[in-house]
Structure formats: C-alpha cells, structure tokens
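Here is the structure we will look at, set down as structure tokens.
The sequence lines fix the lettering, A, B, ..., with proteins before strands; numbering per chain opens at 1. Bear in mind that the values here come from a model prediction, so they are computed numbers and not experimental data.
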Amino acid sequence: MADSNVLLRVEHLCKDFPVDKGFLAKHSKNARYVHAVNDVSFDIAAGETFGLVGESGCGKSTTGRCIMRLTEPTGGKVLFEGKNIAEMDKKALKSMRREMQFIFQDPYASLNPRMTIGEIISEPMVIHNTVPDKAERIDFVRELLDTVGLNPEHINRYPHEFSGGQRQRVGIARAFALRPKLIICDEPVSALDVSIQAQVLNLLTDLQKEFGTAYLFIAHDLSVVQHISDRVAVMYLGNMMEFSDWKTLYNEPCHPYTQSLLSAVPIPDPDIQGKRERIILRGDPPSPIDPPSGCPFHTRCPIAQAKCSQEKPELREVLPNHYCACHFAEPNPIKESSIEL
Amino acid sequence: MFGLGLKKRNKTDLRDTPIPEGHHLLEVNDLKMYFHTQDGVVKAVNGVSYTLDRGETLGVVGESGSGKSVTSLTIMGLIDMPPGKVEGGDVLYRGKSLINMSEAELEGVRGNDIAMIFQDPMTSLNPVYTIGRQLSEGMRLHKGMSKKEAMDRSIELLRMVGIPNAEQRVKEYPHEFSGGMRQRVMIAMALACEPDILIADEPTTALDVTIQAQIIELMQELQHKNGNAIIMITHDLGVVADIADKIMVMYAGSPVEFGSALEIFYEPMHPYTWGLNRSIPKQVQDEKQPLTPIKGNPPSLVDLPDGCPFSPRCPYATDLCRTQKPPTHTTKTGHYSKCHYSNDEQFVRANAPKVERIKPGDIASERGVDA
C-alpha cells in the first residue's frame with residue numbers, strides 16, 4: 001500500500017499489565033505480567049475498515065485502547081498521520097483525539113444516564129469547541145440524530161428511554177459528531193439482537209460511504225467481521241497470527257489457528273453444517289501471564305512439531321499482502337480434511 | 001442433616017413410567033405465562049405448543065424478549081408465582097401435567113428427569129461450595145447416594161465432560177475454572193441424574209467459538225449415548241443449524257413458525273423467519289451481499305399490537321394483518337406458520353429468501369417429521 005494513504009500505523013505495539021500490586025512486587029525480579037499485546041504491527045488506510053478478530057483475552061480490545069491511549073502502551077509506536085501518539089503530551093493528544101473516536105461495546109454503560117442524548121452527542125463538540133454557537137450545535141445534533149436513524153424530536157430524552165439498538169445509534173452519533181478520520185469500534189454489535197445488529201452494521205457502512213471514515217473494527221464474531229471489513233487480522237494470546245484482505249483470509253487461511261477458528265463458526269445452513277469437516281481445538285487458550293514458549297498456539301495446534309515449541313515464528317509474507325506467523329504455513333492452505341486429530 | 005438439608009428420597013423416577021399411548025415425551029399445549037406487574041400484564045409466553053420425543057433436539061430461536069427462556073423456565077416450574085401466572089395451557093411430561101403437580105412432586109422431576117443448563121456459567125455456580133459438592137447435591141437428593149458415592153460419580157462426570165485431572169478439580173471452587181470449564185461443569189451437573197430432557201438455555205452464548213464447538217460436540221455425543229431429548233434455546237441460527245432436528249421460531253411470546261430444521265432453513269414460510277435469515281451476515285466466497293435488517297424494534301409485551309404481532313415490522317403487512325390475528329397454516333409434514341399469507345404459495349415463493357442447497361432434494365422425504 002502506498003505510504004501516503006496510510007492513516008494509522010501501529011509498529012511493534014506491546015502492552016504488559018503487572019499482575020502484582022505494590023511497589024516492591026512491581027520492582028522485584030520475579031514481577032509477573034499479563035502480556036496482553038505482544039509486538040503487534042499493522043496499518044490502516046484512510047477510508048478502509050480493518051477488522052481485528054480473536055477469542056476473548058486475545059488482546060484485541062487492549063490494542064484498540066492503546067491506539068487511543070485510553071490505556072498506556074508499554075512499547076512500540078502508534079503513528080497517526082505520521083505523528084507518534086505514544087509519545088504525545090496531553091495537549092497534542094487532545095487535538096489528535098478530535099480525529100479519532102471510539103464506539104463502545106455496551107450501549108447501556110457507555111452513555112451517562114444523567115445526560116440527555118442531546119447533551120451526550122454535543123459533548124465532544126463542546127470539549128473540542130468545534131461548534132461554539134449553542135443554537136447551531138443543537139441543529140447539528142438534530143441532523144446527526146436524523147443521520148443515524150433516530151427521531152430528532154427525541155433530543156431531550158434520556159438514555160433509559162431507548163432500546164439497546166437505539167442507544168448504540170446514539171453512541172455512533174456521538175462518535176461522528178467531530179467527523180473523525182478514524183473510529184475504533186470495539187464490539188459495537190455484540191450486545192444486540194440479530195435483526196438490530198444488521199441495522200447497526202448497515203448504518204456503519206452507510207456512514208463510512210458518506211464521510212469516508214476509516215474503521216478499526218474489533219469483534220469476536222467472524223461473520224460480522226467478514227461482512228464489514230476490507231482487511232482482517234487474527235489475534236491469539238496478544239500476538240498477530242495472520243492478516244490479509246478478507247477474501248483471502250476467509251477462503252484460503254494459511255494459519256492453522258485461523259483455519260480452526262473458521263471451521264468452528266456454525267454456519268446457518270444444515271446441509272453445509274452436516275457436510276463439512278471441522279477442526280475442533282482441544283482445551284482452553286493458555287494464560288497470557290505465562291504464555292507458551294515458541295509459537296503461542298503450539299499447545300493446541302493440530303500440526304505442531306518440535307520446532308514450534310522452541311522458536312517463535314515471525315509474521316512473514318506468505319503471499320503478496322498476506323502475512324502469517326507460522327513455521328509451516330504454506331501459500332497453498334492445508335485442507336481441513338487432511339488434518340488428523 | 002448437615003449442610004444441604006437433604007431428605008433422602010427413594011421414590012421411583014417418573015422417567016421409568018412408560019409414555020402413555022397417544023402421548024409424547026414432552027407436550028406443551030397452548031401454554032400461556034403472564035406476569036402481572038405494575039405496568040400491566042406482560043404476556044411473556046402467549047400460546048406455545050410443541051411436542052418432543054426421545055433422542056430429538058428442538059431448537060428454539062428468537063430475539064431477546066421473545067419468551068424462549070420463560071417457556072422453559074415454566075416447564076421447569078422455576079417462575080415465581082406471583083408475579084407470574086399460568087393463564088392457560090398445559091405441559092405434559094410422559095402424559096403427566098407438570099403445571100398441576102405439587103411442589104414436592106415437581107422437586108422429584110426438576111434436575112432429575114428434566115435438567116437445565118443455564119446461560120451464564122459465571123453466575124450459575126455457587127462460589128462458596130466446591131465443584132464436587134455442587135455436583136453431588138442433585139445425586140444425593142434424587143438418587144439417595146451417599147456422600148462418597150456422589151463424589152465418585154462427580155469425578156466420573158467431570159471426566160466425561162472432558163475436564164482433565166478430575167480427582168483434583170472436584171475439590172476446587174468455581175473461580176478456579178475458566179469460562180469454558182465452568183460451562184462443562186454446568187453440563188456435568190445437568191447430566192448428573194441422566195435426565196430424560198436436557199434444556200440448554202443459550203449454553204454457548206458467553207463462550208468463544210472454539211469452546212462453543214467443543215461444548216456442542218459434547219452435548220451431541222452424550223445425547224447419542226443416553227438418548228435424551230434436548231431443547232436448545234439460542235439466538236444463533238448457526239447453532240441450531242448444527243444440532244436441531246426441529247426448530248421453533250418465536251416472536252413476542254408466541255411461535256411464528258415451527259418445522260424440521262431443513263424446512264425452516266430451506267422452505268421458510270413466515271416473513272419473520274425470512275427477516276432473520278436476511279439479517280445474518282453470510283460466509284461468502286466473493287462478493288458481499290448487503291444485509292436486509294428487519295426495521296423497527298420488537299413490540300412491548302405489555303401492549304401487543306392488534307392482529308399479527310409482527311405486522312408493525314413486516315414489509316408485507318396488509319390491513320388484514322394489522323387487525324386480525326393470523327391463523328395457523330400447517331402443511332402435511334407438520335410444518336406450521338402463523339401468517340395470513342402462508343397458504344398463498346405464490347406469495348411465499350416470490351418473497352422467501354432464495355437458498356441454493358448443496359444437495360437438492362425433497363425435504364419431507366429426507367427427514368420425516370412426525371405429524
């Protein structure tokens with residue numbers, strides 16, 4: 001991808017959370033850390049949707065939060081339009097956040113119950129002083145409400161008067177209030193019912209078409225990520241395992257983890273479901289406090305060999321623009337049925 | 001007795017009584033469960049009917065608030081009354097009414113003949129008792145086992161659901177288990193008394209896909225071995241496609257469509273089922289299809305619309321739909337749909353989602369539905 005087009009570049013991002021509290025514990029030699037994000041690199045182009053998938057605890061949300069510095073990264077760089085966010089002071093950070101907004105998972109907890117939705121949506125504009133005139137601001141909020149499919153007359157209502165899907169629309173209107181260049185969507189539809197989920201996904205797609213906003217779309221639902229993303233990355237235990245454009249990743253996954261993840265998704269079609277061979281992984285993901293040596297996936301991997309437990313595979317380009325961190329990944333994918341369990 | 005306050009019960013299990021002729025293992029007939037609240041009467045379950053036989057899996061699909069969980073809680077007798085009240089209908093287990101059963105009798109059935117796996121493995125286990133003790137409770141109560149026997153059986157159960165190092169794990173507390181492991185414990189607990197019917201209320205919703213695949217595989221394996229029936233409640237059409245023989249689609253407290261899994265997926269008749277189908281992102285090879293969401297929100301159960309409950313959101317709704325309750329249209333195979341226009345084949349053919357099957361064939365002959 002041409003460098004000029006890159007909106008956000010993440011380089012070797014790391015985040016470790018200390019397990020033990022207290023001064024002595026933190027500075028002792030045996031201090032233990034949760035390695036939530038481990039050397040993650042990717043970039044997002046202006047106007048594209050980059051999907052980040054993985055199971056719970058794989059570090060996908062922490063990655064999103066580190067990019068906005070809602071959580072301080074412990075290592076690596078986050079370059080937004082060439083400027084390193086990880087080193088910014090408070091003032092620079094504030095102006096940068098104008099360009100970057102967040103949509104949260106829980107539409108119940110992410111809206112202040114004591115503010116009307118009009119106040120909630122206009123708050124970013126007040127903080128960044130983008131629309132100083134109050135009357136103008138109210139008009140703008142009404143317009144935004146209309147854009148996200150809510151009735152502008154409801155501007156003075158409180159969050160509890162809305163359903164989950166409607167609240168998520170309020171969260172989306174708030175994120176779009178500053179017309180940001182990038183929105184980090186952290187599981188924006190996972191709390192919603194399927195019929196409402198489809199409404200919100202369509203809304204996000206329409207808004208992207210209208211405003212040219214880039215999305216970092218974090219979710220655990222592979223079908224949803226496939227539907228909305230241009231490129232998709234798969235994470236496991238804080239590590240990037242594979243990333244590529246959605247078509248390649250879903251049709252020709254290289255990494256055994258991606259393959260098993262995809263084969264575990266139940267497809268709403270009894271014929272396909274009855275026919276396909278599934279790779280069922282054994283056991284749970286290991287603890288990120290004490291990750292396995294070598295490849296983080298080797299403890300559950302169906303094709304693991306001795307090398308996997310000793311040497312950590314680097315993310316390498318197996319095909320043009322298709323990266324995979326596996327010693328044995330081949331450009332021609334391992335067929336599901338050829339894996340013996 | 002210390003602790004559990006157990007009374008040993010050595011009654012014969014209801015499951016040993018043969019199913020009377022003309023009856024099914026479980027029959028739910030026009031069940032109505034209303035909640036009387038300050039805001040009015042919440043019609044949570046409004047006329048649910050189905051039958052279930054041994055070895056069968058029924059998938060119950062619907063959005064939150066469609067009454068799918070309340071239906072099974074009513075079957076289990078786990079609804080507080082008041083505010084709940086059974087306003088009509090009946091539930092027959094082996095020909096015996098569960099609704100009119102005394103609490104003492106019901107206690108012998110609950111967790112024994114009919115067991116339930118709850119949705120949230122994080123809150124459904126008691127944090128202050130060991131896993132072994134919680135597993136033993138049902139077996140000591142229903143089977144009259146001694147502490148030792150029940151503990152040995154608990155270890156066996158944990159092994160069966162794939163928990164390594166069971167002898168050690170049985171002495172541990174719930175917080176020492178991961179989410180997937182806790183759900184396995186819940187399954188082990190539900191299976192402890194080898195129930196006739198296993199009700200699973202969103203058993204995999206809180207779990208990751210790889211763990212979900214393990215749990216579903218396990219439930220199928222055990223069903224194969226024990227021949228029990230399963231009621232699988234979920235909002236995930238993928239999960240029901242995976243394991244259900246029959247599917248009931250619920251909306252606003254009542255079933256809108258019922259049929260074999262193949263019928264619901266390949267020959268759906270109700271516009272709500274079509275809408276659900278079009279709302280889910282499909283795994284596609286090349287070009288993405290835009291989603292077609294169902295517009296609007298589900299109705300309030302206090303103030304159900306006149307006529308068809310789905311009419312305010314239905315793109316095909318007519319004045320007839322808005323004013324009159326739809327009749328039930330049933331096909332030869334027992335596949336039914338509650339829509340005014342389901343008997344209009346042309347309408348159904350023109351508007352149902354087009355699904356290309358991998359192996360085309362006559363659905364009715366492929367998997368016979370007992371009508």
Identify which of [options] forms the greatest number of heavy-atom pairs closer than 4.5 Å to chain A.
options	result
Asp242(B), Val209(B), Asn297(B)	Asp242(B)
Lys295(B), Gln214(B), His235(B)	Gln214(B)
Ser279(B), Gly62(B), Pro298(B)	Ser279(B)
Thr210(B), Ile294(B), Thr292(B)	Thr210(B)

What do the steps show when you test His220(A) against Ser190(A) for side chain to side chain contact (heavy atoms under 4.5 Å, CB included), and what is the final call?
CA-CA 8 Å; His220(A) 69 277; Ser190(A) 55; 3.9 Å; yes
In terms of heavy-atom proximity below 4.5 Å to chain B, should Ser163(A) be classed as side chain, backbone, both, or neither?
side chain
Under 4.5 Å from any heavy atom of chain B - which part of Leu281(A):
both
Minimum side-chain heavy-atom gap Tyr173(B)-Ile131(B) below 4.5 Å:
no
Side-chain contact test, heavy atoms from C-beta onward, threshold under 4.5 Å: evaluate it for Ile163(B) versus Phe177(B) and give yes or no.
yes
Less than 4.0 Å between a side-chain N and a carboxylate O, is that true for Lys68(B) and Glu202(B)?
yes
N-O pairing of Arg231(A) and Glu242(A) below 4.0 Å:
no
At a heavy-atom separation under 4.5 Å, does [X] approach chain A through its side chain, its backbone, both, or neither?
X	value
Glu63(B)	both
Glu217(B)	side chain
Arg313(B)	side chain

Considering residues at least two apart in sequence or located in another chain, which fulfil the side chain to side chain contact (heavy atoms under 4.5 Å, CB included) criterion with Pro268(A)?
Leu237(B), Phe265(B), Ile280(B)
Do the side chain of Glu257(B) and the main chain of Pro268(B) share a donor and acceptor less than 3.5 angstrom apart?
no
Phe243(A) and Phe50(A) aromatic ring geometry - parallel, tilted or perpendicular at 30°/60° bounds
perpendicular
Flag the one option from Val224(A), Asn202(A), Leu201(A) with the top tally of heavy-atom pairs under 4.5 Å to chain B.
Asn202(A)
With chain B, which of Gly164(A), Ser223(A), Ser260(A), Pro270(A) has the greatest number of heavy-atom pairs at distances under 4.5 Å?
Pro270(A)
